[in-house]
There are 2 protein chains.
Amino acid sequence: MNVHLDPFDRDFESIEAIADTISQILQCPVTIEDSNHRLLAYSTHAPDTDPVRIATIIGRRVPEHVISMLWREGIIQQIMDSQVPVLIDPIDSIGLNRRIAVAIRHHHDILGYIWVMDEHKGIDEQGLDDLNKASHAARSKLLQVQTQRRRREEQSFEFFWGMLTGSMDSEHRIVDRAHQLGITLPKSYRVMIIEFDTLLNEKLYEQVLYTILTAQRHRKVLHVRQEQRLLVLIDATDDDIDGHIAAWILLMERMQQRFGVKPVHLASGLSYSLYMDVVKSYQEAITVMNMKKHLPDETKHLHRYEELGWYRFLPAMIQERRARPMQHSSLSRLKAYDKEHQSGLVSTLSLFLQADCNVKRAAEMLHIHSNTLMYRLKRITDIGGIDLNDMEQKISLYLELKMDQWQS
Amino acid sequence: MNVHLDPFDRDFESIEAIADTISQILQCPVTIEDSNHRLLAYSTHAPDTDPVRIATIIGRRVPEHVISMLWREGIIQQIMDSQVPVLIDPIDSIGLNRRIAVAIRHHHDILGYIWVMDEHKGIDEQGLDDLNKASHAARSKLLQVQTQRRRREEQSFEFFWGMLTGSMDSEHRIVDRAHQLGITLPKSYRVMIIEFDTLLNEKLYEQVLYTILTAQRHRKVLHVRQEQRLLVLIDATDDDIDGHIAAWILLMERMQQRFGVKPVHLASGLSYSLYMDVVKSYQEAITVMNMKKHLPDETKHLHRYEELGWYRFLPAMIQERRARPMQHSSLSRLKAYDKEHQSGLVSTLSLFLQADCNVKRAAEMLHIHSNTLMYRLKRITDIGGIDLNDMEQKISLYLELKMDQWQS
DNA sequence: ATCCGCCTTGTGAATTTACACAAAGCGGAT
DNA sequence: ATCCGCTTTGTGTAAATTCACAAGGCGGAT
């Protein structure tokens, strides 16, 4: 066998075929992973294998603690930087035998890794060269698969976006299209918006999406990426909404720990069963999100549209107010006075109302003597011509103040 | 002058000409009135005249007290019933000299009256016959004038309706059209709806309109008649709104006294200067009217859109609620309890909130012991899971209850 | 009849709140 | 500096509100 024909100079029908070919040539177990250490393929007739490999194959991903270890030890970095296969010494503590790894790269991007278990140090120069060639072959295949996936993803984006914007004109149309795309739509769903504090670049997006997929046990999730937002169609069939949302919040926190990305806001619309209602759920989620922007204190601990309470009427009210701007005479007088004397009568009033008109409580919140508050209230009633024993007036003031707060 | 040619067998160029002709033949002063005793024409070269005639000519209408007297005495009735001229004896107390009157009738309708002052009893059979002929001539002329006025009225209806529905597409278009129709639009205006408790039939309509015109010193007023409503464009240039509305309320009461028609509701939109905004003012007036229908107690003493306070947001809120029906869990529990035990917890809560959460006041309004109310409140908080010391919750309940009240 | 849950009313004590008044700080105007 | 208006804080009292508890009425179920 002096004449060594390149066994990787052909078109492989699948990544598995590449793994098997490498394994056959090197007589070692082989696994191929993507850049996120998800299992893409593994050789089948492996003679012996180690615990890490078994766990990887079972979990369809390299176990978390192993990944952490490899990152900590700088091994991943080493593989990423090296143009040639890297030898890795065994790490007994995690059950990792000796192996050789090579990155599958395309320009400067890492598409994945090929791992070869090298129990018996049976790999020579020729073997390493073959491994390099294998890496190139894998690259072509991966790119091919990737573009396929991209195309399918794009179709799914388009589909979901169509649902979100209400441009799909009938229920069965939606169902048919989902079927075409191989997407199983949940019986009952909500639209959720996840907003981050930074732009969702390619890498971040991949990571976030991966976290979500993992949490959802790798069931496909319809989603669309926006500037700083990710729109997701979440399953609401089991009506354990609180638990569900709690899980998402946890997920977000985990994301923060891992990638340093903080999803600043979670907002979800109502749950519906008709797919034509995705628009509605989306609009509701947007409403919640806006509410969180404008009234952060009031909405700190809520995420779902149904938790908005009376605040859900605010947008409609504000629209009405904008259509017919009329100033609340009492409030405008108070505002004028505040401006003139730099006194916080309006804010005092606001907090007083917030505190259920309880003088003692409000005074404590303001860190002032209750008589001071009493004095201010007297000024407020005098200047504003307000009767604080009149529910109608208080409601009017409360709503008006909330709208002001929204608009400022 | 044995050959007596009929001097009324010709086409008169105006009603004045008829009056003059009669006057000339009979040698007496003559006035012609419409069915509402408004002056239509009077002879010019009258030799002598009485105080009533002078007042009529000056005021362009027979003085009120004279009309009342004539009705009371049954004289008007007599004239209306008689096919021939009626002789009326002088009534010194009101300064009415002896005169002869004949109705101008068309089928069974009375179009107006011809009055001839007959100081010297100088009218013979021939004169009475001439008077009858004059009445026929006046009929033709009046019908002619009436159809003209009708046509002009109809055009004005159409014009105003166009403004109300917003089908006029530009400001100068409106101004031009008004000019064409000889209508002077007020600099600033409001749309007002007057709703009656009965259908506005022809007669009623005439009467109401007449009352309004009288009150407006006979300046033309744009208006449209609907089933039970009259839509009016009222002048809001002088900003004495309260006095204005007060005047209208008085007017309505007067109407009630006179014709037994009760305008049940007055509702006015905001005042605007741009004529394109008539639509808005009309919509606002409708909103006020609806509010009065649905929340009569709350809106008993208000008529203008700007007086609605926070209630102006209710329609928008209700629309929102209808779009996404979600029940308030506390309230639905209370409602369920009420149904089960026929207890009025919800209404108690409603009144309690209305009374600014003042136990004493609310108990008095309910005619119950304050401890009874305390007990009920405890039940309400227990069953509904409500914290009545939380402004947010109270606002939510208050708004929800108002909406319920609207919809019921 | 008797029981039981639900509701209403009454009583009195504990607590809270409203209000009047005094004292004093602060900033601007004279 | 002095005055003045506005504001804050403290004190004490009168008024009110809240709350627990007792007593009794009412209607349905056993």
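Lettering follows sequence order; numbering is per chain, from 1. Keep in mind that what you see is a predicted model, and the values were worked out from it rather than measured.
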How many Å lie between [atom1] on [X] and [atom2] on [N], as a whole number?
X        : N      : atom1 : atom2 : value
B/Asn389 : C/dT17 : CG    : P     : 10 Å
A/Met374 : C/dC19 : CE    : P     : 5 Å
B/Leu388 : D/dC19 : CG    : P     : 11 Å
B/Leu373 : D/dT17 : CG    : P     : 12 Å
A/Lys378 : C/dT17 : NZ    : C1'   : 17 Å
A/Leu345 : D/dT7  : CG    : C1'   : 11 Å
A/His341 : D/dT8  : NE2   : C1'   : 16 Å
A/Ile380 : D/dC6  : CD1   : P     : 16 Å

Side-chain donor-acceptor pair under 3.5 Å between A/Glu392 and B/Tyr398, yes or no?
->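 Note: A/Glu392 and B/Tyr398 side chains meet the donor-acceptor criterion.
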
Sequence neighbours left out, what passes side chain to side chain donor-acceptor pair (under 3.5 Å) with A/Ser268? Give chain and number order.
->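 So A/Ser268 forms a side chain to side chain donor-acceptor pair (under 3.5 Å) with A/Arg190.
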
Over 12 foreign heavy atoms within 6.0 Å of [atom1], [X]:
X        : atom1 : value
B/Gln319 : CD    : no
B/Gln407 : CD    : yes
B/Lys378 : NZ    : no

Near DNA chain D, under 4.0 Å by heavy atom, which residues of residues 350-370 of chain A?
->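 The answer is A/Ile368, A/His369.
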
Please tell me if [X] has a side-chain N or O lying less than 4.0 Å from either OP1 or OP2 of [N].
X        : N     : answer
B/Thr372 : C/dC7 : no
A/Arg379 : D/dT7 : yes
A/Tyr375 : D/dT7 : yes
A/Arg376 : D/dT8 : yes

Establish whether the base of D/dT8 is bridged to the side chain of A/Asn371 by a donor-acceptor pair shorter than 3.5 Å.
->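 Such a pair does not exist between side chain and base.
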
Give me the one residue out of A/Thr348, A/Ile395, A/Leu401 that meets side chain to side chain contact (heavy atoms under 4.5 Å, CB included) with A/Leu353.
->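 Option passing the side chain to side chain contact (heavy atoms under 4.5 Å, CB included) with A/Leu353: A/Leu401.
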
Starting at CG of A/Asp387, measure out to NZ of A/Lys394 and round the result to the nearest 0.5 Å.
->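 Going from the CG atom of A/Asp387 to the NZ atom of A/Lys394 covers 9.0 Å.
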
